[in-house]
Structures are given as structure tokens and as C-alpha cells.
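Data block below; observations after.
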Amino acid sequence: MIDLKNLQNNFDEVGEKLLKKGVSTESLNEIKTSFQKLKEKRTALEVLQADQNKQSKLFGVYKKENKDIKELQAKLAENKKNMATLQEEVREIEETLQQKALIIPNIPADTVPIGVDESENIEIKKVLDIPTFDFPVLEHSDLAEQNGWIDFKRGVKLAKSRFSLLRGDGARLERALINYMIDFNRERGYEEVCVPLIVNRPTMTGTGQLPKFENDLFKIEGEDLFLIPTAEVPLTNIYNDEIVAKDDLPVKLTAYTPCFRKEAGSAGRDTRGMIRQHQFDKVELVVLSHPDDSAKIFDEMVKCASDLLSSLGLAHRHMNLCTGDLGFSASSTTDLEVWFPAQNCYREISSISNTQEFQSRRAKIRYKDTDGKNKFLHTLNGSSLAVGRTMIAIMENFQKADGSIEIPEVLKKYM
RNA sequence: AGACAGGUGGCCGAGUGGUCGAAGGCGCUCGCCUGGAACGCGGGUGUGGGGCAACUCACCGAGGGUUCGAAUCCCUUCCUGUCUGCCA
């Protein structure tokens, strides 16, 4: 959630940035007036409450001393009525304000390039040369079927479209990748965590998936529970409503989980192959950081994911996402795009974001600073790598003329 | 899933309608004591909101209700423990 006080105090400046992210002027103005009104009503209510508290104490004293309480009683009852009205008003304003504030996206950092959509993302650098082939390259879906690694048809039969299953060496490669990635991250100081795949509404709200994106989530019928769309959700919310000791920062976590996404609104996109599925595996990085360190940690996380790709021998590039392509919770994001020879293009395989205080304010994750005050920390998240996409990148990049696939050296001991 | 018992500050734990934001203890911290430390003694020590401040409001798992007044009574709900059931 954005800082409402900040919006109030720097309305033009902050508002302008939010307008670029698609927030309407009306809703900004509504928030501004609601916030103001809330303050007024609350102050008025508190004056009444203070009076009521005092008089009520007096009431007790009078009774003990057998004084006449009729007059006082009448006054208290009258006051109570006024309080109830104000209380109701305050509650209503709070609720609407909350509703509106929770669907306002994060404000892009100053380092984020201005742009409308992904075409205006800025390439930061390329890593490794793209491979060349002296034979016609095949798409991963063909390679997978040839090698018996992926069964698309039966995945659909078992569940529905956008599901598949891995078999034999395909399944083993998936598992090898997961183990390799977690070990890779662990060696870089990330604690391995195994998290619930089903989480509740407050958890989903803490990281920003709810209330705005309920349609993208798989919901458990009859329960207010959801399948996680990324391990970022449980990992970040581990410290929901907690105060982390300053000395414990940064908290660096990594987890492997399946991820579940409805992919509402992607009808027709990437229908062939395993690029976009309802269920996919991902190894995730999450860091809770002191605000002063988050920029440095962000770079570390990008390097961690990029080095991982390099270690697998996969050519990729770093993209600085522009304002229009930034996700809801992110203040800045670097995407890593891996080279897909058959599609002759780079495609997203990892996304590292700094949400700054946006998530910690929602999830109430704070640290105790040296001045004794509790402050919101910064949360960062990044795919170590999307495992499925890594697998198909390996298939396409390391295919041989006979259709077989060379396993990257670092994975061999995991197979 | 059913029965019973509970959920109070960093922790333990008292508190069954009135001056309780909450006794007492532990821990932590500051000061004294000491050559230094332990012990001992004295002070401080929750969170969030509003206000320049004095101060003030809210919070005793959460949400409702009763009352002039609720940690305390009632309802709902979540969680924990024990027993039963079921299972990996």
C-alpha cells in the first residue's frame, strides 16, 4: 500500500506518478478527501470519548458516595448517542478508504524509465553470446515430444488446457534443476524454506494479490483459501505483523514451490508448449531488508539469478522495466530474458522486484530501528528462475541435430 | 471432524463490571554500589493513531453485543492444548 500521508502531503507529485500507472484522477481525489474527512471525524470522536471516559469514572465515584446520579446519567446517555453516530461515520470512511487504497499500485522509483508497455523497457546488458546452429532448430514442444519428456495431451486430459506432465528424463531434469537452484541460492546465503501452497486472504492481501487480482487466483471452494501464484506470497508473509530485530536483517529466503495461476486475460497467448501453464514450478528468492540496503540487495539478487543462468550456459539479457510494464506491487523491476532459438527471441525467465515499503505496509512487517522506533522494512522478491521455462530453454539451446539434448555440465551430478 | 480446557505486555503470570494499559516475577536497560564483576538498591521498559506540546484516543487472539462504564458478562469466529476419530 502506498503511504497515504505522503499522498496527502505531496498530492500533485505523487498523483502524477500514479496517473501514469493508470490510476484515475477521481479515485485519487476521493482518497484525498476521505483521508481528510477521516481525520476530522476521528478528532471529533476522540474529544467525545475523552469526555465520556472522564464522566464515567465520575459516575463510579458518585455511586460510591451515594450522590445523585440522575443528571449525570442523562448526560452520559446523550453523549453516547452522539458517539455512536460519529463512530459509524468513521467506520464507513475507514472502510471505503481502505478499499480504495488497497487497489492503488506502487509508485515507480525514480530510476524507472518512463514508458507505456514492454516495448519501452530498457536493455541493460546482454550476458553470453546466443548460440548458432548448423541445422534447423526445433521448438521445445517438438523436442519434448520426440524425447518423451513432456506429455501435453494427457495433462489436458487429467486437468484441462494449459496443464502438462513431465515423464522420464524430463521429470528428472525438472527435479535436478530445482535441487541445483536451491543449492546455488543456499551457497549465497539464502535460507531454504518449505511453505504452504495454500494461503488465506490476509496473506494474499499482504503481498498485493488481493483484493485486486482475485480473478487470477485459484480459490479453494467453500474456504477463504487460495493456491499460491508464487512462493513470494508465503515467503514474504512469514513475518506478517511482526517486528524483526534490526540485527536479523537482511532476512534472505529461498523456496521451491509449484505456482498456480488462472492466466485470466491470456487467452490465445502461448497456447503451444510449456511457456504459459496454470501450474508451473519456480524457485523463488525473497529478502526483507533495511531500507538503506535494499538497492544493494536488489543488485545482488539480479546477479544471483543471472549467474545461475550463466552457470547453465544460457544466453540472456537484463531488462529495466519501464513504468507501464511494472507490476502492481513493484517500485522497480529487472527482468531476465533468456534466449529461445526456435522463437528467435529473448523471453522472460526471471523477474526481480523491489517493492520497498509497499508490501511491508500492507503486511505490517517492521524492524526496530536504533532510535527504538518501529519502521517498515523493504521487501524484495525475484524468481531464482522459473523452472519450466529454464527446462525448455535448455532443450532449445542444447538440442543436437539428432533431436537429443545435451545436459548442462553443472546439472549432471543432479541427474 | 467431535468433546473438554485455554488464549492477558519480550516471556511467565494475577486480575470475574468502575480510578486497569493492566499487580507480581523474569528478562532487558540506565544509575548507585565495586579495582572489575556477581549480589544488592533505585529508576525506566508494549503497539498504533491525533497534537508543536501539555495531552489524548484505541488495543488484554479477532469481530459483534449488553452497560453510563468491559480484560472481566453474552454471541460469533480463529488459534492452541488434551482426549476421541481419521490418516502420511
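In this text, all values refer to a predicted model and were calculated from it rather than measured experimentally.
- Put simply, CG on A:Leu48 is 12 Å from P on B:rA58, counting in whole angstrom units.
- Taking atom CG of A:Asp3 as the reference point, atom C1' of B:rG48 lies 15 Å away to the nearest angstrom.
- In this structure, B:rA1 forms a base pair with B:rU84, meeting either the Watson-Crick or the G-U wobble geometry with both donor-acceptor distances under 3.5 Å.
- The pair A:Arg91-A:Glu95 meets the salt-bridge criterion, with a side-chain N (NZ, NE, NH1 or NH2) lying under 4.0 Å from an Asp/Glu carboxylate O.
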Filtered N/O pairs between nucleotides 66-75 of chain B and protein, under 3.5 Å:
residue	atom	partner	partner atom	Å
B:rC68	O2'	A:Gln52	NE2	3.4
B:rC68	O2'	A:Ser56	OG	3.1
B:rG69	OP2	A:Lys80	NZ	3.4

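- Taking the ring axis of A:Phe11 as reference, the NZ or CZ atom of A:Lys32 stays within 45° of it and closer than 6.0 Å to the ring centre.
- The distance between atom NZ of A:Lys373 and atom P of B:rG48, rounded to the nearest whole Å, is 8 Å.
- Across B:rA22 and B:rC12, the matching C1' atoms stand 16 Å from one another, rounded to whole Å.
- A salt bridge is defined here as a Lys NZ or Arg NE, NH1 or NH2 lying under 4.0 Å from an Asp or Glu carboxylate O, and A:Asp110 with A:Lys17 meets this definition.
- Atom P of B:rC20 sits at a distance of 29 Å from the matching atom of B:rG40, rounded to the whole Å.
- Between the C1' atom of B:rG65 and the CD atom of A:Gln87 lies a distance of 13 Å, rounded to the nearest Å.
- A:Arg366 comes within contact range of the sugar-phosphate backbone alone, with a heavy-atom separation under 4.0 Å but no base atom that close.
- The CG-C1' distance, from A:Leu38 to B:rA58, rounds to 13 Å in whole Å.
- Between B:rG27 and B:rG81, the two P atoms lie 28 Å apart (nearest whole Å).
- B:rG24 and B:rG15 are spaced 11 Å apart, taking the C1' atom of each and rounding to whole Å.
- Nucleotide B:rA54 forms a pair with no other nucleotide shown, judged by Watson-Crick or G-U wobble geometry with both contacts under 3.5 Å.
- A salt bridge links A:Lys412 with A:Glu409: the closest approach of a Lys/Arg side-chain nitrogen to an acidic carboxylate oxygen falls below 4.0 angstrom.
- Taking the six-membered ring where tryptophan is involved, the planes of A:Phe163 and A:His278 are tilted, since the angle between them lies from 30° to 60°.
- Remark: B:rU16 base-pairs with no nucleotide; criterion is Watson-Crick or G-U wobble with both hydrogen-bond distances under 3.5 Å.
- Using atom P as the reference point in both B:rA14 and B:rA23, the two lie 14 Å apart (nearest Å).
- Atom CG of A:Leu58 is separated from atom P of B:rG18 by 17 Å (rounded to the nearest Å).
- Here A:Lys5 lies in heavy-atom contact (under 4.0 Å) with sugar-phosphate atoms only.
- Place A:Val47 and A:Thr43 on RNA chain B by their nearest nucleotides, and A:Thr43 ends up nearer the 5' end.
- Taking the side chain of A:Asn374 as heavy atoms from C-beta on, and the options B:rC57, B:rU19, B:rG48, the nearest nucleotide is B:rG48.
- When the C1' atom is used for both B:rU67 and B:rC74, the distance is 12 Å, rounded to whole Å.
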**Item:** Chi angles and distances behind the side-chain contact (heavy atoms from CB on, under 4.5 Å) call for A:Lys252, A:Leu285
**Value:** CA-CA 7 Å; A:Lys252 298 169 73 178; A:Leu285 303 172; over 6 Å; no

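- Salt bridge annotation for A:Glu94-A:Arg42: present, with a cationic side-chain nitrogen under 4.0 angstrom from a carboxylate oxygen.
- At the phosphate of B:rU47, OP1 or OP2 sits under 4.0 Å from a side-chain N or O atom of A:Lys368.
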Tabulated below should be each protein N or O lying under 3.5 Å from an N or O of nucleotides 9-11 of chain B; please produce it.
none

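- The partner of B:rG69, taking Watson-Crick or G-U wobble pairs whose two distances both stay under 3.5 Å, does not exist in any strand shown.
- Taking atom CG of residue A:Leu45 and atom C1' of nucleotide B:rC59, one finds them 15 Å apart after rounding to whole Å.
- Nearest heavy-atom pair across A:Trp149 and A:Met395 is CZ3-CG, 3.8 Å.
- Between A:Lys373 and A:Asp369 there is no salt bridge, since no side-chain nitrogen of the basic residue lies less than 4.0 Å from a carboxylate oxygen of the acidic one.
- Atom CG of A:Leu86 is separated from atom C1' of B:rA58 by 15 Å (rounded to the nearest Å).
- For A:Asp299 and A:Lys296, the salt-bridge test fails: no basic side-chain N is under 4.0 Å from an acidic carboxylate O.
- The pair A:Glu214-A:Lys219 does not meet the salt-bridge criterion, since no charged nitrogen lies less than 4.0 angstrom from a carboxylate oxygen.
- B:rU47 and B:rC86 are spaced 42 Å apart, taking the C1' atom of each and rounding to whole Å.
- Using a 4.0 Å heavy-atom cutoff across all strands shown, A:Asn79 reaches no nucleic acid atom at all.
- Nucleotide B:rC59 forms a Watson-Crick or G-U wobble pair with B:rG46, both donor-acceptor distances falling under 3.5 Å.
- Between A:His290 and A:Tyr367, the angle of the ring planes lies from 30° to 60°, which puts this pair in the tilted group.
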With the criterion being N/O to N/O and under 3.5 Å, what pairs connect the protein with nucleotides 52-55 of chain B, and how long is each?
none

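- Pairing partner, B:rG31: B:rC41, with both Watson-Crick or wobble hydrogen-bond distances short of 3.5 Å.
- Contact check, A:Lys39 against B:rG51: a side-chain N or O comes under 4.0 Å of OP1 or OP2.
- The pair A:Asp183-A:Arg186 meets the salt-bridge criterion, with a side-chain N (NZ, NE, NH1 or NH2) lying under 4.0 Å from an Asp/Glu carboxylate O.
- To the nearest whole angstrom, the two P atoms, one in B:rC78 and one in B:rG63, are 15 Å apart.
- Using a 4.0 Å cut-off between charged side-chain N and carboxylate O, A:Asp142 and A:Arg272 make a salt bridge.
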